[in-house]
There are 2 protein chains.
Amino acid sequence: MLDDVRPDVPVRTPTSRVRKRHEATRAEILAAAWSLVRAHGLAALTLRDVAREVGMRAPSLYSYFPSKNAIYDAMYVQGCREFVEYYEQIPVTDDALTDLRAGMHAFVRFCTDDPARYQLLFQRTLPGFEPTPDSFSWAVRGLDLLRRRLSVHGYDEDVLDLLTAIGTGLADQQISNDPGGDRWIRLIDDAMTMFHNHVSR
Amino acid sequence: MLDDVRPDVPVRTPTSRVRKRHEATRAEILAAAWSLVRAHGLAALTLRDVAREVGMRAPSLYSYFPSKNAIYDAMYVQGCREFVEYYEQIPVTDDALTDLRAGMHAFVRFCTDDPARYQLLFQRTLPGFEPTPDSFSWAVRGLDLLRRRLSVHGYDEDVLDLLTAIGTGLADQQISNDPGGDRWIRLIDDAMTMFHNHVSR
DNA sequence: GTCTATATTTGGATAGAC
DNA sequence: GTCTATCCAAATATAGAC
């Protein structure tokens, strides 16, 4: 084939420039989708709205995502990556209680910062959606990070399960019953004291 | 008017017999709706499906409920009443830890027994629905009962908030990450020991 | 009260021109 | 890649006969 004369840039492979533009538009679409779900709820997202937000018509989105669920799926991966980034920037000390408190504050803040994201990642009540196995592996990665952070101080499985329950409970109550406030956030330090005393018995 | 000749049973007022039949059909419709949401998810409920389940056509449901959300609303009230019934049958002892454990087991069991009901009552992620003020008062009633049960042993507000966080967290993790199992259920007694030791400091 | 028929809306997805 | 036009399906709700 003639194409093989220039194997580095074969016909049909978009140039790096074109690919970058494509990726940029994809990112713009996702940003618009996030903006909409934050404003109107996760389940209220429609392709028409997303398209209008980025100055397109709905069918044009199909050049970037094969379906609506593919958009949700990409948002899911983004959320997982944000979670990992959130956690990696928390310093680890040699004091278990300090780390527990910092970790729990980070977790609850991550959840309350964006309830729509919380619903997508952790509640999974979206009608027809579930993440692809590939995307779900990102969630596993985030959870692993969380567990590794905590197992540094020697906690076992059951104790980690108790801790995740306290975490989701605090975040859930804060979001459901005092959105924008701090009624459960201000219980975090005390809750971690309780937890720490218990597991150090 | 001639109707006034028999003021006990005026025209246009259905007889007790007719009213009872009407109520029975309403109950049948609600039972069908519960059955469907348990099988296919809370958000997947459609009037056609409900009607088919009770041997009707969709428009006939409008003789019993003015809208789909009115059905959700009636289910919401039913769920709240079931919650109250669940709690009223729990014996109160003079031992705080015993009551904490029994109360928390009851709460988590109530949630895990019917995840669709849990979602309707506590998560409130249903697209266009929110309970009418009248129905919501039933939820307040349930929460009041819960608080009264616990305040018997002298807990203050912040402590109750911590306890509700632990409760929703345990229920949420059990439903989301181990449906049908007992991975978080078996942590309840230990969690209540932790809580009790902490607040009795 | 129940039905058939239908209005209305909505929204995901596709075809094909440019 | 983007558009217009359209399809298709689902689902709530209403009108009016019986």
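By convention in this document, chain letters (A, B, ...) are assigned in the order of the sequence lines, proteins followed by strands, and residues within each chain are numbered from 1.
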Does [X] reach a base, just sugar-phosphate, or nothing at all? Heavy atoms under 4.0 Å.
X       : answer
A/Leu61 : nothing
A/Thr25 : nothing
B/Leu45 : sugar-phosphate
B/Thr46 : sugar-phosphate
A/Tyr64 : sugar-phosphate

[X]-[Y] side chain donor-acceptor pair, cut-off 3.5 Å:
X        : Y        : answer
A/His153 : A/Asp99  : yes
A/Asp190 : B/His198 : yes
A/Thr125 : B/Thr125 : yes

[X] [atom1] to [N] [atom2]: how many Å, rounded?
X       : N      : atom1 : atom2 : answer
A/Asp49 : C/dT9  : CG    : P     : 17 Å
B/Tyr62 : C/dA5  : OH    : P     : 19 Å
A/Leu47 : D/dA9  : CG    : C1'   : 15 Å
B/Phe65 : D/dA13 : CZ    : C1'   : 16 Å
A/Arg17 : D/dG1  : CZ    : C1'   : 15 Å
B/His22 : C/dT2  : NE2   : C1'   : 13 Å
B/Arg19 : C/dG1  : CZ    : C1'   : 17 Å
B/Arg52 : D/dA11 : CZ    : P     : 10 Å

Quick one: is D/dT4 close enough that its OP1 or OP2 comes under 4.0 Å of any side-chain N or O from A/Arg57?
-> yes
Taking only the side-chain nitrogens and oxygens of B/Ser60, find out if one of them lies under 4.0 Å from OP1 or OP2 of C/dG1.
-> no
Check: B/Gly103 main-chain N/O paired with B/Tyr87 side-chain donor or acceptor under 3.5 Å = yes
Upstream residue (5' side of DNA chain D) when A/Met56 and A/Arg48 are each assigned their closest nucleotide = A/Met56
Side chain of A/Pro59 (C-beta onward), nearest among C/dG1, D/dT12, D/dA5 = D/dA5
Relative to each other, are the rings of A/Tyr72 and A/Phe129 parallel, tilted or perpendicular (30° and 60° limits)?
-> tilted
